[in-house]
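We use all heavy atoms of the structure for the numbers below, so side chains are in, but hydrogens, waters and symmetry mates are not.
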Amino acid sequence: MTGGANPGRHGSAAGKPKGKAKKKGSFWRELPLLIVVAVVLTFVIQTFLARIYVIPSASMERTLHGCNGCANDRVAVDKLSYRFSEPSPGDVVVFRGPPAWGDNSEVGGSGPPSGNVLVRGLQSGLSLIGLAPPDEKDFVKRVIAVGGQTVACCDPQNRVTVDGQPLNEPYLYFQPNLGRTQADFAPVQVPAGQLWVMGDNRNNSADARVHGPIGVTDVIGKARVIVLPVGRWGGVPDTDPQAQVSALGAPGWTSAAPLAAGVLGAVPLVGVSRRLRRRWWSSGGGVRGPDELPGDDPGREPGASPPSPDPGR
């Protein structure tokens, strides 16, 4: 009996390695499928939802960092939002350079694509995750005005104006040795369906002042998050310079208006509350408590119920 049990035990032990070998073989058979699925998902996400772009120049300093030989920012660009809405003032957008923008050193590409099919394919693959610049002329700027608005520069305080109103642009950066005075340009009415875009590094940006406005259809997406380098992780601010003008025009005292209104509204409510409490006490409907306010029991009306006896007496 004992000898008959041992072969079964050996057979069971011998069967375990076979099971492990089978699982290992199953993984290697599934690996190509996993790779294909991952590549397809990456392509779909990068094409329709979001994509990583490299900031190629210093035109958006210090919002976005980019310079020759530096660790340029990699930003995640949202491609979905503008399928349901259009860019608005303050948005930082990535767009395909129109023909008029062709001769511009701020392009996101790195020159003509390689003639080698494998090299070109590798470059395209790496550009999807932001490890190589895309093989297209892409730019990143901030929307200043939209179709139908008139933009000009500058007012006596050296500010850009839209429809005659000065902009408040807290994101502006004036690079050292390039001056702090913006270049004047005559009023330009932005055509319908187009955008007037400018760089935050205002005196080191070849933008709509040089090449003219861009079409809304040229916009690829909105820059949302800085993903690399790690030390610069964070969202990309989309401060609307036009919206802040009206807010700044309000007198300073108006910031205290909500508090004042609350105080004024609370006074009559407190008065009514005290009156109701006095009537409640005078009618014998309440019992004194240790935290009763003085003066809450001015006297009782004739025929009112006497106060409850003090249990401590």
Legend entry - Flag side-chain contact, heavy atom, 4.5 Å: Ile220 against Lys79: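 SC-SC contact between Ile220 and Lys79 confirmed.
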Legend entry - Derivation of the side chain to side chain contact (heavy atoms under 4.5 Å, CB included) call for Arg209 and Trp196: CA-CA 9 Å; Arg209 296 170 294 178; Trp196 186 270; 4.0 Å; yes
Legend entry - CG-CD distance between Asp184 and Gln182, expressed to the nearest 0.5 angstrom: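 Going from the CG atom of Asp184 to the CD atom of Gln182 covers 9.0 Å.
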Inset, instruction - Could you give me the CA-CA distance, side-chain angles and deciding distance for Glu61 and Ser59, then say whether side chain to side chain contact (heavy atoms under 4.5 Å, CB included) is met? - result: CA-CA 6 Å; Glu61 292 281 2; Ser59 68; over 6 Å; no
Inset, instruction - Check whether any side-chain heavy atom of Phe139 sits under 4.5 Å from a side-chain heavy atom of Val93, and report yes or no. - result: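 Sidechains of Val93 and Phe139: no contact.
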Legend entry - Short side-chain donor-acceptor distance under 3.5 Å, Gln175 and Asn201: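 The answer is yes; a qualifying pair exists.
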Legend entry - Under 3.5 Å: donor-acceptor pair, side chain of Asp155, backbone of Thr161: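 No, Asp155 side chain to Thr161 backbone: no donor-acceptor pair under 3.5 Å.
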Inset, instruction - Is it possible for you to say whether Trp28 and Ile35 belong to one hydrophobic cluster, with membership spreading through side-chain heavy-atom contacts below 4.5 Å? - result: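 Yes, same cluster.
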Legend entry - Exam field: side chain Asp78 to backbone Arg224, donor-acceptor pair closer than 3.5 Å: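 No; judged by distance alone, with no hydrogens or angles, the pair does not exist.
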Inset, instruction - Report the distance from atom CG of Leu195 to atom CZ of Phe95, rounding to the nearest 0.5 Å. - result: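 Rounded to the nearest 0.5 Å, the CG-CZ separation comes out at 9.0 Å.
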Inset, instruction - Answer yes if Tyr82 and Val146 sit in the same cluster of Ile, Leu, Val, Met, Phe, Trp and Tyr residues linked by side chain heavy atoms under 4.5 Å apart, and no otherwise. - result: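 Yes; Val146 is reachable from Tyr82 via cluster members.
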Inset, instruction - With rounding to the nearest 0.5 Å, note down the distance linking CG in Asp240 to CD1 in Ile144. - result: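 So the gap between those two atoms works out to 9.5 Å.
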Inset, instruction - Determine whether Phe185 and Leu172 fall in the same hydrophobic cluster, where Ile, Leu, Val, Met, Phe, Trp and Tyr are linked whenever their side-chain heavy atoms lie under 4.5 Å apart. - result: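 Yes.
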Legend entry - Exercise: identify the closest heavy-atom pair between Val190 and Ala145: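 In terms of heavy atoms, the two residues are closest at CG2-CB, 4.2 Å.
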Inset, instruction - Over all heavy atoms of both residues, which pair between Asn158 and Thr181 is shortest? Give the atoms and the distance, please. - result: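 In terms of heavy atoms, the two residues are closest at ND2-CA, 3.7 Å.
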Legend entry - Verdict with reasoning, Ile55 to Val75, per side chain to side chain contact (heavy atoms under 4.5 Å, CB included): CA-CA 8 Å; Ile55 302 304; Val75 296; 3.9 Å; yes
Inset, instruction - Calculate, to the nearest 0.5 Å, the distance between atoms CG and CZ belonging to Asn203 and Phe174 respectively. - result: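 The distance works out to 5.5 Å.
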Inset, instruction - Answer yes if Val162 and Val188 sit in the same cluster of Ile, Leu, Val, Met, Phe, Trp and Tyr residues linked by side chain heavy atoms under 4.5 Å apart, and no otherwise. - result: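 In one cluster: yes.
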Legend entry - Closest non-hydrogen atom pair, Lys141 against Met60: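 Where Lys141 meets Met60 most closely, the heavy atoms are CA-SD, 3.9 Å.
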Legend entry - Ring-face cation of Arg142 near Tyr171 (centre distance under 6.0 Å, axis angle within 45°):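 Yes; both conditions hold, so Arg142 lies above the ring face of Tyr171.
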Legend entry - Point-to-point distance, once rounded to the nearest 0.5 Å, from CG of Asp163 to CD of Gln189: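 Answer rounded to 0.5 Å: 8.5 Å.
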Inset, instruction - Taking the side chain as every heavy atom from C-beta outward, state whether Pro191 and Pro213 have any pair of such atoms under 4.5 Å apart. - result: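 The answer is yes; the side chains approach within 4.5 Å.
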Inset, instruction - Please report the C-alpha distance between Asp138 and Arg96 in whole Å, then the side-chain angles of each, then the deciding distance to 0.1 Å, and finally whether the side chain to side chain contact (heavy atoms under 4.5 Å, CB included) criterion is met. - result: CA-CA 5 Å; Asp138 298 333; Arg96 289 176 290 272; 3.7 Å; yes
Inset, instruction - Could you tell me which non-hydrogen atom of Gly235 sits nearest to which non-hydrogen atom of Pro237, and how far apart they are? - result: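 Between these two residues, the closest heavy atoms are O-CD, 3.5 Å.
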Legend entry - Val160 and Arg202, any side-chain heavy atoms less than 4.5 Å apart: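 In short, these two side chains touch, coming nearer than 4.5 Å.
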Inset, instruction - Could you pull out the closest heavy-atom pair between Ile226 and Thr63, with the gap in Å? - result: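 Taking Ile226 first and Thr63 second, the nearest heavy atoms are CD1-O, 3.8 Å.
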Legend entry - SB check Arg232 Asp73 (cutoff 4.0 Å):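 Looking at Arg232 and Asp73, the cut-off is met.
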Inset, instruction - Identify whether the distance between the nearest side-chain nitrogen and carboxylate oxygen of Asp91 and Lys222 falls below 4.0 Å. - result: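 A salt bridge is present here (some side-chain N lies under 4.0 Å from a carboxylate O).
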Inset, instruction - Would you mind reporting whether Gln165 and Gln242 have side-chain heavy atoms less than 4.5 Å apart? - result: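 They are not in contact (no side-chain heavy atoms under 4.5 Å apart), so the answer is no.
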Legend entry - CD1-CG distance between Ile214 and Asp207, expressed to the nearest 0.5 angstrom: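 Reported to 0.5 Å precision, the distance equals 10.5 Å.
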Legend entry - Considering all heavy atoms, the nearest Val143-Pro87 contact: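 Nearest heavy atoms, Val143 then Pro87: CG2-CB, 4.2 Å.
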